[in-house]
Structure formats: structure tokens, C-alpha cells
Undergrad: 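Take this structure first; my questions come after.
All chains are named by letter (A, B, ...) in the order of the sequence lines, taking the proteins before the strands, and each is independently numbered beginning at 1. If you're wondering where the values come from, they're calculated on a predicted model, not measured in any experiment.
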Protein chains: 2
Amino acid sequence: MGATTEDPKQRTTMPRPRTFDEDDVIDRARKAFAETGFAGTSLDTLLEATGLARQSLYNAFGGKKELFMRAFLSDTAEAVEAVESVRHGEDSPITRIRRQLVKVAVEHGEAKAAPSLFTKAAVELSSHDPEVASAVATAFDVMSRHYAACIAEAQGAGEIDAGADADSLGTYFCAVIEGMSTLGGAGVPRATLLDIGLTSLTAVPVTDLGREHLGTGEGDWS
Amino acid sequence: MGATTEDPKQRTTMPRPRTFDEDDVIDRARKAFAETGFAGTSLDTLLEATGLARQSLYNAFGGKKELFMRAFLSDTAEAVEAVESVRHGEDSPITRIRRQLVKVAVEHGEAKAAPSLFTKAAVELSSHDPEVASAVATAFDVMSRHYAACIAEAQGAGEIDAGADADSLGTYFCAVIEGMSTLGGAGVPRATLLDIGLTSLTAVPVTDLGREHLGTGEGDWS
DNA sequence: CCCGTTCTTGACCAATCGGTCCAGCTCGTC
DNA sequence: GACGAGCTGGACCGATTGGTCAAGAACGGG
């Protein structure tokens, strides 16, 4: 696999360059797989979606499954990265978590929106494919920890009751977001998703101080 | 479709009886589809799982898609029915909701457990198949209302703060359960799921009276 | 300007897909 | 016990599946 990224200057002769951008192909493939799943997306559909020819896909990625894994891992990494921003934001921790919940509601509440590839792959494959399963488990774990750390930070700042179980709340928010993603893909409207997200926040025992800090940074979500 | 359930006494001659039970076949098909999804389950796999012959499946149900819908609708009805019991239980409303959450955690937290066909179909098909989408939406709506009614009842009994939004909490619990189902299918252990379910209950503003009633009917979940 | 290397193109492959056809079987009725 | 109903089992279908092969095109270095 590494052959595609080797330094071309060390070569004696220069091969024909690719007419496509690998990351771009992965991104298109991600959308295609997110729409119809792994088994439901044929190679032909994939070729049309990515624009490249059969053999090109084959010797650039190795096959359908390999391309799927690239797309899936890419989506997973992006999902984790999105949660990182929650961890390292600037404003108060609870506000950051709330913003994340709102963001998920907005993203998955569009009428056309399908579930993320992460969710789709988790449901479709993780019970049979160990590679997918472990990637899902790891991502889930990392996200949980980010949320938990965020809550612990808020506890340190006195915004959340010190008696609350940060770890439990962390995994809990992962589950809520997973549920929102699933429901959003099933056609549940944005407003309902938003309601769910905000209701889930109720499980966090916010202190009076925290309540003061909350209510800022609402953001616009048309 | 009704031909299979017509009254045989009205016939002049009596045909060869089926060697299989229709409901039993649907149940086996449900398991098969729940394991590998719609696109991922071939007719041959289905035939092996149900035990019946190609043509038998065809003229008893109509085809792969039709059998899938029967299985999917059956699973959906069962899921809704399970929530009904929450609505009409005997002990205090919050205890009933908690029992449901625990039940979901236990059922989906088994190591071998795959997501329910309801969840799987919702994720895989509801964005492209209107029939699946509407069934999912309806089921989601009915479940939400059951939970909401249960909470409203608890409010009437003074177990839950009257200021709480019962409808929001209803849809919220649906989302949490959906998330638990997804996570369970992805391999998250039972204890974690249980933790999620119990944490989600924290979003309900239980009164002092309610707290008294809670803590009973724990049930055994090995 | 020829070289080697890699990419592209389209034909091609066996396997499998969901679905159909038909011959034979098994019933209750007459 | 012959009949016609519907069920059964296996052969069979064209279409599509994921994957491969071979011939040619594009490129920079020599």
C-alpha cells in the first residue's frame, strides 16, 4: 500500500501520474457507502461515484473491501476529531458539550441526511468483521473519554456537581449521539433531534455557577 | 397475499398442506436478516436458514423483499409491544421505564448479540425505502408516546416534577434506546450499556416521593 | 527519441445474484 | 380411487456481482 506515497525523486524513470486525487476518491466513496452500505454498494456504483476506472480502483486500493475500510477509517477519524474540538474548546465545558449535541442534531437532521458511515458500518458490519468492530470500539472509547474529560474539567471548574460520574456521562453522551445519528438517518426531523440532544443534557447535574456559564454561545442553525 | 390464510373449508378440493409454519419461517428470516442485513443476506442463505425450498419461499411470500418486510414488520411490532408493557405495567411508572432500559441493556449487551432488525433496517434502508421509513417513523412515534404517557402518569402521581416536558423525555428515551441497541451490536459490553441506561434516567427530574418508589423491582439479570 | 514504469481502458472471467419454470408429489373431496 | 388443488424440489434463466487480464497511453530520465 505504501508504494503510492513513496518519494518519486528516487526513481530512475518517472511513471505516468494518476489522474485522480486519492483523498478525493476516498471522500466520494465514503458518501457512496454511507448512502447504501457496504453490501448495498456495487463496484459499478462505486466506479461511477468516484469517476475512476475498474482497474484504477483495484491497483490503487486493492478492492472493494479495502476501499471501504479506507473510507470507513477516514470517517471514523473525522468523527473522533470532531469530538476532540469539544475537549479542547475555549468556552465553558458544558457549553462545548451542548454545542456538540446541537451540531450533531443539525447535521443529522437534514431531510436528505443519511446516517454517518461510522454508524452505518457499525450496525452493518461490526458484528461480523473484527477490524470494523475494533475500530468502532476504539473510536467509541476515545470519544467517551473526551466527553468524560470535558465533564471532569467542568467539575474542576465547579460548573458540574462533583458527585457526578464523569465516565458514565461520557459513555452516555456517546450513546445519545449514536441514537441521534440513527434516528436522523431514519427521517426524524431536526427539531426533534435537537430536542433530544438538549434533553440529554438534563442528565448532567449542573451547579448554579455552571448555569450562569450556560446559555451562551448558542450559535445559529437555520 | 390473503390466499394463504383463507378458510380451507370453502374449497371443493383440499390441496397439499404446507410442511412449514409461516410464523416460524418469518422468525428464522428475522434472525438471518438481523445478522447480515437485507443486501447482505442472499436468497440461498435465507433458504438454508428457513429450511424451505426456493419456490416455497417465493409463492408463500412473494420474494426476498416481501419476506424481509414481513420479518421487519414483525420485529417492529414486537419492539412496540415491548414498550406497551411499559405503559401498562403495575408498579410505579419510573420503575417501569427503568426496567425497560435495563431490559434493553441486557438483551443487546450479550457478546453474540447483533442489533435488532428494527435498528438494522432503519439504518440500512429507511433513507431509500419509503415503506421502511414510514414503518420506522410510526414505531418511533408510538414508542415515544408510550414513554411520554408513562412519564405524564408519573407526574400525575407526583413521582416526577410536574415541570418536566413529558413529550421531550419520551422521544429522548427512544433515542437512548436506539443508541444502546447500536452500541450493543457493535460489541459494547452489557455493564456499559446498563450504565448508559441508568445514567439516562438521571435526566428525569424525580421528586422525593418518586425516589421512594424507585429502588424496587430490580429484577435479576445474570 | 527511446526507455522503463505506472496508469488507463475495455474486454473478459467465474461465481453468484434474485427469480422462474416444470415435473412430480400429497392432500381432501367426490 | 381418480381428480384437481396447491406444495415441493431441482434444473434453469439472464443479470449482476467482485475481480482479472492484456494492450496501449502518458510521463520524466537517460
Side-chain angles (χ1 to χ4, degrees), chain A residues 1-26 28-29 32-33 36-71 124-125 128-129, chain B residues 1-26 28-29 32-33 36-71 124-125 128-129:
Chain A
M1 65 152 78
T4 59
T5 46
E6 266 174 23
D7 186 9
K9 288 162 197 159
Q10 306 245 352
R11 236 167 247 309
T12 56
T13 63
M14 209 57 179
R16 180 178 181 177
R18 285 180 174 161
T19 59
F20 60 89
D21 176 36
E22 196 158 308
D23 290 336
D24 184 53
V25 167
I26 290 180
R28 291 172 191 270
F33 279 127
T36 42
F38 176 73
T41 307
S42 74
L43 251 192
D44 295 288
T45 307
L46 225 39
L47 297 179
E48 197 188 358
T50 59
L52 39 73
R54 233 176 173 72
Q55 182 73 12
S56 301
L57 185 150
Y58 186 77
N59 56 14
F61 299 99
K64 183 189 178 184
K65 181 73 197 299
E66 284 76 12
L67 176 55
F68 175 82
M69 286 308 297
R70 292 285 292 273
E124 183 184 357
L125 300 173
H128 292 296
D129 188 321
Chain B
M1 65 153 76
T4 59
T5 46
E6 268 173 22
D7 186 7
K9 289 162 198 162
Q10 306 246 351
R11 242 167 241 309
T12 56
T13 63
M14 209 61 177
R16 181 178 179 178
R18 286 179 174 161
T19 60
F20 60 89
D21 176 37
E22 196 159 307
D23 289 337
D24 184 54
V25 167
I26 290 180
R28 291 173 191 270
F33 279 126
T36 41
F38 176 73
T41 307
S42 73
L43 252 192
D44 295 289
T45 308
L46 225 37
L47 297 179
E48 196 188 0
T50 59
L52 39 73
R54 233 177 172 69
Q55 183 72 13
S56 301
L57 185 150
Y58 187 76
N59 55 17
F61 299 98
K64 184 190 179 185
K65 181 72 196 300
E66 285 76 13
L67 175 56
F68 174 83
M69 285 308 297
R70 293 284 293 273
E124 183 185 358
L125 301 173
H128 292 295
D129 188 321

Undergrad: With respect to the phosphate group of D:dG18, does any side-chain polar atom (N or O) of A:Y58 fall under 4.0 Å of OP1 or OP2?
TA: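 A:Y58 to D:dG18 OP1/OP2: no side-chain N or O under 4.0 Å.
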Undergrad: So, under a plain 3.5 Å distance rule, would you say the side chain of B:R54 forms a donor-acceptor pair with the base of C:dG19?
TA: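 By the distance-only test, yes, there is a pair.
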Undergrad: Taking N and O atoms by type only, does the side chain of A:Q55 place a donor or acceptor under 3.5 Å from a partner on the base of D:dC21?
TA: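 Under the 3.5 Å cut-off, the side chain and the base do form a donor-acceptor pair.
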Undergrad: Could you grab the distance from atom CD1 of A:I26 to atom CZ of A:R70, nearest 0.5 Å is fine?
TA: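 Result: 4.0 Å between the selected atoms.
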Undergrad: Is there a side-chain contact between B:S56 and the phosphate of D:dT8, meaning an N or O under 4.0 Å from OP1 or OP2?
TA: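 B:S56 to D:dT8 OP1/OP2: side-chain N or O found under 4.0 Å.
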Undergrad: Report yes if at least one side-chain N or O of A:S42 is closer than 4.0 Å to OP1 or OP2 of D:dT16; otherwise report no.
TA: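 So the side-chain polar atoms of A:S42 never come under 4.0 Å of the phosphate oxygens OP1 or OP2 of D:dT16.
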Undergrad: Give a yes or no on whether the backbone of A:F38 and the side-chain of A:E124 come within a donor-acceptor separation of less than 3.5 Å.
TA: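 Checking the backbone N and O of A:F38 against the side chain of A:E124, a donor-acceptor pair under 3.5 Å is found.
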Undergrad: Cationic tip of A:K64 within the cone over A:F33's six-membered ring, i.e. under 6.0 Å and within 45° of the normal?
TA: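 A:K64 over A:F33 ring: no.
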Undergrad: Rounded to the Å, how far apart are B:L52 CG and D:dG6 P?
TA: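 Nearest whole value for this atom pair: 19 Å.
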Undergrad: Among D:dT17, C:dT20, D:dG18, which nucleotide sits nearest the side chain of A:D44?
TA: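 So the nucleotide nearest the side chain must be D:dT17.
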Undergrad: Which is true for A:T41 with a 4.0 Å heavy-atom rule: it touches a base, it touches only sugar-phosphate, or it touches nothing?
TA: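 The residue A:T41 makes sugar-phosphate contact but no base contact.
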Undergrad: What's the CZ-C1' distance between A:F20 and C:dT6, to the nearest Å?
TA: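 In whole Å, C:dT6 C1' and A:F20 CZ are 11 Å from each other.
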Undergrad: What is the distance, rounded to the nearest whole Å, between atom CG of A:D21 and atom P of C:dC7?
TA: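 In whole Å, C:dC7 P and A:D21 CG are 14 Å from each other.
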Undergrad: In this structure, how many angstroms lie between the P atom of C:dT8 and the CZ atom of A:F61, rounded?
TA: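 Answer to the nearest Å: 11 Å.
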Undergrad: In whole Å, what is the span from the NZ atom of B:K64 to the P atom of D:dT16?
TA: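 In whole Å, D:dT16 P and B:K64 NZ are 15 Å from each other.
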Undergrad: Once you round it to whole Å, what is the distance between P of D:dA23 and CG of A:N59?
TA: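 Spelled out: CG on A:N59 to P on D:dA23 is 17 Å.
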Undergrad: Relative to the 5' end of DNA chain C, which residue comes earlier, A:T19 or B:G63, by the nucleotide with the nearest heavy atom?
TA: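 Its nucleotide being nearer the 5' end, the pick is A:T19.
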Undergrad: In whole Å, what is the span from the CG atom of B:L43 to the P atom of D:dG10?
TA: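 Answer to the nearest Å: 16 Å.
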Undergrad: Would you mind reading off the distance between A:L57 atom CG and C:dG10 atom P, rounded to a whole angstrom?
TA: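 In whole Å, C:dG10 P lies 16 Å from A:L57 CG.
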Undergrad: Is it true that atom CD of B:E48 has more than 12 heavy atoms of other residues, nucleotides or ligands lying nearer than 6.0 Å?
TA: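 Open.
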Undergrad: Main chain of B:L46, side chain of B:T50: is a donor-acceptor contact present, judged purely on distance under 3.5 Å?
TA: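 The answer is yes, because a donor-acceptor pair under 3.5 Å joins these two groups.
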